[in-house]
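Comments concern the structure below.
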Amino acid sequence: MRPIYAQIDLAALAHNFGVARRCCAPDKKLFAVVKANAYGHGVEAAVSALQEADGFAVCSLEEAAPVRALAHPEQRILLLEGVFQAQEYLQAAQWQLDVVIHHPQQAQWLLGQELAAPLNVWLKLDSGMHRLGLSPAELAEVYAQLNGAPQVAELNLLSHLACADERGHELNEAQLEAFLDQLPEREFKHLSLANSAALMTLPAMHMDWLRPGLMLYGASPCAGLSAQELGLTAVMSLRSEVLAVRNVEAGASIGYGASWLAEKPARIATIACGYADGYPRHAPAGTPVLIDGQRASLVGRVSMDLITVDVSDLPAVAVGTPVELWGAQLPVDEVAEHAGTLSYELLSQVIARVPRRY
Ligand SMILES: *Cc1c(COP(=O)(O)O)cnc(C)c1O
């Protein structure tokens, strides 16, 4: 068996959820965001480990199905993008999902349905991110159409922050204002604005339902603050082994494109992990890799199934030596920074061919 696997620490997931809970006033409710297969961690295991969540948030009916099967009946499940076709409301009602409405068309579809039970609706305001959401004028119109409609149980208000990871960013204030502007005009049962970063650093954004995602998985949602500083514990450790070790002469090139040259004689370890496993293809030479608990540097290009690491300073490294690509001992945020990407991407892109061990 190829030695790569993702070790998933479910106790760490529960711990991070506890951190989220303690950052909020006791009356706040939390949707644990488990979209994209729980950011690559495996949605079934994540839902089972998050018994304390008040609800879960996903992107589609397909993602909601395993959550509904495992969650307590009283745990809400929120469809973050709402439905994609009119008839999806029938399934949403059967599973008692909470649905986002981010476009007037979704409201029209809802008013055209006869549902087994009315749905909790979250009107999504475009408060300044300009990606999804109703303009204030559209929101006024959709609110008037849905208020009192037989298909609707609760009417709630939701929006999403573009720059919550940068505490002083001026867009945060502007988005908060746009959100609060809605409140004197209309009556909403519940309000939701905060993602992980806002949960941890912007208490004015908490409202009453929060939507933490990344922080639950132990990566930092905040620029300039490490996961460790925030009290978060890594949930996924991507591990593999050394497949081969070789000595190369000064001037030898390593890997595709011969893009890296040894300046002096070097010892190179080849690891069973590549971009087809979810390792970032653009990780440059110097990206840290943990070998036998010690830091070493990636050299040469990342291939589909293999990477190469300079272990000249680690004489004990041999075939079978354990490797951590990121995780408990090497923060995923650090690898992401080297590779010019985000921990969100690294975690969620670990491919299905990498087995998860819980
Ligand atoms: C993914 C997502 C979240 C979670 O964001 P994190 O930064 O991972 O905490 C919250 N709200 C919406 C609408 C999302 O799409």
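The first residue in the sequence is number 1, and the count goes up from there. Numbering of ligands and ligand atoms starts at 1, following listing order.
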Without hydrogens or angle criteria, can the side chains of [X] and [Y] be said to hold a donor-acceptor pair below 3.5 Å?
X: His72; Y: Gln51; result: yes
X: Gln175; Y: Ser127; result: yes
X: Glu229; Y: Ser226; result: yes
X: Asp333; Y: Ser343; result: yes

Surrounding OH of Tyr256 (heavy atoms of other residues, nucleotides or ligands, distance under 6.0 Å), is the total greater than 12?
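No, OH of Tyr256 has 12 or fewer neighbouring heavy atoms, counting only those of other groups under 6.0 Å.
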Would you indicate whether Gln91, at its atom CD, is surrounded by more than 12 heavy atoms from other residues, nucleotides or ligands within a distance under 6.0 Å?
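Yes.
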Which residue and non-hydrogen atom of the protein lie closest to [atom], and at what distance in Å?
atom: atom 11 (N) of ligand 1; value: Arg211 NE, 2.9 Å
atom: atom 9 (O) of ligand 1; value: Ser196 OG, 2.5 Å
atom: atom 7 (O) of ligand 1; value: Tyr344 OH, 2.6 Å
atom: atom 8 (O) of ligand 1; value: Tyr39 OH, 2.5 Å

My understanding is that only one of Asn147, Leu155, Leu134, Leu111 makes a side-chain contact (heavy atoms from CB on, under 4.5 Å) with Val142; could you say which?
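For Val142, the side-chain contact (heavy atoms from CB on, under 4.5 Å) check succeeds only for Leu134.
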Is Phe31 near ligand 1, meaning one of its heavy atoms is under 4.0 Å from it?
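Under 4.0 Å: no for Phe31.
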Which atoms of ligand 1 sit under 4.0 Å from any heavy atom of [X]?
X: Leu80; result: 12 (C), 13 (C), 14 (C), 15 (O)
X: Leu214; result: 6 (P), 8 (O), 9 (O)
X: Lys35; result: 1 (C), 2 (C), 3 (C), 14 (C), 15 (O)

Using a 3.5 Å cut-off on N or O atoms only, is Val33 in polar contact with ligand 1?
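No; every N/O pair is 3.5 Å or more apart.
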